[in-house]
Every structure is written in structure tokens, then in C-alpha cells.
Amino acid sequence: MNEQTLSMRLERVAAHIAPGARLADIGSDHGYLPVALMLRGVLEAAVAGEAAQTPFESARRKVRKNGLEQRITVRLANGLAAIEPGDRVTVISLCGMGGETIRDILEQGKQRLAGSERLVLQPNGGERELRQWLMENGYRIVHEEVLRENRFDYEIIVAEPGQAVAYSAEQLYFGPLLMQEKSPAFLVKWRRMLRQKQQTLAHFERAREVPQDKAEAFAIQVAWIHQILA
Ligand code: SAM
């Protein structure tokens, strides 16, 4: 991957960022996403936010190397603190972090949101917790997809504020749009998850010290997966 050729995962994220967007890419690491989209002429402006010094410097170097200092601002900041009102951000991407980390970043930085930004999220696990936050904070999920790259299943969740929706427990677990569409990648992911969860459940049954509520919650998930794959 480099600033011209993104991974398939980041290409699919990029597909949900419309021409003319003003992007804040939080947890930008090397800044690949904003730099690639700026070089392609997709973005009007961008902020690359990074909490760690080494990736922050790497992103800054990449922006400078491509002569984009006037178009992409790189900030060393925790979460949404990288965004300033004058940035007039229209899309926020948070990718390649755990879903619970993304949720915490959104929760801690809520006051920085203008209330109109599209969120393009690519959590590594913790999707249910992230969807729960979106629902509780008045976001509607407008697009979801699953893709497999380098032996990992990745989910992309795109959400927009307004028109709040109440999702069921299963919709939060599988994704409301994903469970409707049941794409081949979705089915492959959940067949794999079923095998893993069945093994864990068998282990729970052998082990004496697993709390009953945990084992029950797990058994419910296994039943949901059976149902969705039926
Ligand atoms: N977004 C890129 C991608 O999807 O390829 C990079 C993902 S990298 C695994 C996660 C990055 O998020 C790391 O560079 C890490 O330093 C950064 N990060 C983690 N927590 C953060 C926070 N609270 N605020 C800003 N950046 C954060």
C-alpha cells in the first residue's frame, strides 16, 4: 500500500467519500487515505488526525512529499480534538481501530461534531457496540459491507445523522443492512464465526468456572447465527 495504491479495505472506505468532501481522517497513521483521495482530486480539503508521534510525523512527511501542505492539515491530537470548526468537515473516517475505540472517540469528541457529518467507519471487531452508539446518538446506518483481505473479515459502516432508527439486538449484532442483503462475504464471515463460537461454547460447557450469564449470552448468539445462515 502507498499513497497511490490503497489496500482493498481503504478503497472500499474511499468509495463512500463523495467528490468535494472535506474529510477528517482520525487515526490516519501514514495519512494514506487523505493523501490518495487528494491526489485523485476527490477532496476539497482534509485533516489527518493522529494521536501517536511516529505516525503523525510519517503523515506529515507524506503530505509534504506530495506537495499537499495547503490542502491537508496534519494534527497531533486525541480523537476528534483534531477537528476545528474552521475545517468545515463534511465526512469523518475512523478506520482500522477496534469498534469500541471508535465508539469512545466519537463519545468523547461529541461536542466537536457539527451534527451533519457523514461517518465512514471501519471497525476491527466491536461492530455491535459501535452500532449501539450510532443508534443512541441519532445516526442512521445508510450503507454496510463486509470484505475479506489478508485473511481478515472487515466491516465498513457508513452512518448519517438525522432520522433516528431503533435497531433490534440482532440488527445491532449482524448489521441491519448486512443481515438483509446476506452477501456472499457476509455468509462466509458468519459461517467462520459459527465454527469459532461453537468451539468456544463446547469449551464453556467443559469448564466449570464460566459465569452462567456469559454462557447464556453466547448460546443466544450461536442460535442467532444458525438462524441467519438457515
Ligand atoms: N486509519 C488507518 C487505516 O485504516 O489503515 C490506520 C489504522 S492504524 C491500525 C490505527 C491508528 O489510529 C494508529 O496510527 C493509532 O496511533 C491511531 N489512534 C488510535 N487511537 C487514536 C486516537 N484516540 N486519536 C487519534 N488516533 C488514534
Side-chain angles (χ1 to χ4, degrees), residues 1-17 21-40 42-43 45-66 68 71-85 87 89-114 117-127 129-131 133-134 137 143-159 185 189:
M1 185 166 67
N2 58 40
E3 57 265 50
Q4 254 109 37
T5 314
L6 294 174
S7 61
M8 186 175 39
R9 173 181 63 84
L10 285 182
E11 276 301 348
R12 292 309 307 153
V13 167
H16 301 288
I17 300 169
R22 300 178 67 88
L23 174 70
D25 184 42
I26 305 299
S28 197
D29 202 352
H30 303 281
Y32 286 131
L33 182 67
V35 171
L37 290 185
M38 194 59 86
L39 290 175
R40 294 176 193 178
V42 172
L43 302 178
V47 172
E50 241 307 323
Q53 188 75 32
T54 306
F56 160 72
E57 280 163 12
S58 167
R60 221 163 39 163
R61 273 197 305 276
K62 206 132 284 162
V63 166
R64 205 176 304 132
K65 183 183 130 201
N66 287 283
L68 295 172
R71 315 286 305 279
I72 303 178
T73 308
V74 186
R75 295 198 182 110
L76 182 63
N78 184 10
L80 304 191
I83 303 174
E84 293 178 3
D87 298 328
V89 159
T90 59
V91 181
I92 301 175
S93 53
L94 288 135
C95 305
M97 290 174 263
E100 282 145 318
T101 301
I102 296 178
R103 174 202 61 194
D104 293 347
I105 289 175
L106 290 168
E107 178 61 26
Q108 283 162 19
K110 259 189 202 179
Q111 72 289 351
R112 298 239 167 203
L113 296 169
E117 301 92 340
R118 160 176 275 223
L119 303 180
V120 184
L121 311 171
Q122 185 276 297
N124 294 338
E127 290 85 3
E129 290 74 10
L130 183 55
R131 287 189 189 100
W133 186 91
L134 293 171
N137 287 275
H143 179 85
E144 290 178 302
E145 64 187 79
V146 179
L147 68 113
R148 190 161 178 81
E149 186 176 44
N150 299 331
R151 303 177 65 227
F152 284 102
D153 293 310
Y154 296 108
E155 288 195 11
I156 294 171
I157 302 170
V158 184
K189 170 184 169 159

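Just so you know, ligand 1 is whichever comes first in the structure, and atom 1 is the first atom listed for that ligand.
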Query raised in the report: Below 4.0 angstrom, N of the basic side chain to O of the carboxylate: do Arg131 and Glu155 qualify?
Result: yes
Spell out, as yes or no, whether a donor-acceptor pair under 3.5 Å connects the side chain of [X] to the backbone of [Y].
| X | Y | result |
| --- | --- | --- |
| Arg118 | His16 | yes |
| Glu50 | Pro55 | no |
| Arg148 | Arg151 | yes |
| Arg22 | Asp87 | yes |
| Arg103 | Glu129 | no |
| Glu149 | Arg9 | yes |

In terms of residue, atom name and distance, what is the protein heavy atom nearest to [atom]?
| atom | value |
| --- | --- |
| atom 19 (C) of ligand 1 | Met97 SD, 3.7 Å |
| atom 8 (S) of ligand 1 | Asp29 OD2, 3.9 Å |
| atom 9 (C) of ligand 1 | Gly96 O, 3.2 Å |
| atom 4 (O) of ligand 1 | Arg9 NH1, 2.7 Å |
| atom 14 (O) of ligand 1 | Glu50 OE2, 2.4 Å |
| atom 7 (C) of ligand 1 | Cys95 O, 3.5 Å |
| atom 26 (N) of ligand 1 | Ala51 N, 3.3 Å |

Query raised in the report: At a non-hydrogen distance cut-off of under 4.0 Å, which region of Ile105 contacts ligand 1 (side chain, backbone, both, or neither)?
Result: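 The answer is the side chain of Ile105.
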Query raised in the report: Counting heavy atoms only, which part of Ala82 comes closer than 4.0 Å to ligand 1: side chain, backbone, both or neither?
Result: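 Neither; nothing of Ala82 gets under 4.0 Å from ligand 1.
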Query raised in the report: Of the options Ile156, Leu94, Ile157, which is the one that meets Pro123 in a side chain to side chain contact (heavy atoms under 4.5 Å, CB included)?
Result: Ile157
So, regarding [X] and ligand 1 (criterion: nitrogen or oxygen to nitrogen or oxygen, under 3.5 Å), is there a contact or not?
| X | answer |
| --- | --- |
| Asn78 | yes |
| Gly79 | yes |
| Gly27 | yes |
| Gly49 | no |
| Gln122 | no |
| Ser28 | no |
| Ala52 | no |

[atom2] on [Y] to [atom1] on [X], rounded to 0.5 Å:
| X | Y | atom1 | atom2 | answer |
| --- | --- | --- | --- | --- |
| Ile105 | Asn78 | CD1 | CG | 7.0 Å |
| Glu127 | Glu100 | CD | CD | 9.5 Å |
| Leu37 | Arg71 | CG | CZ | 12.0 Å |

Requested in this report: Could you establish whether His30 and ligand 1 come within less than 4.0 Å of each other, counting only heavy atoms on the residue side?
Outcome: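 No, His30 has no heavy atoms under 4.0 Å from ligand 1.
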**Report entry** Close approach, Ala77 and ligand 1, non-hydrogen under 4.0 angstrom
**Finding:**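 It does, in that a heavy atom of Ala77 comes within the 4.0 Å cut-off of ligand 1.
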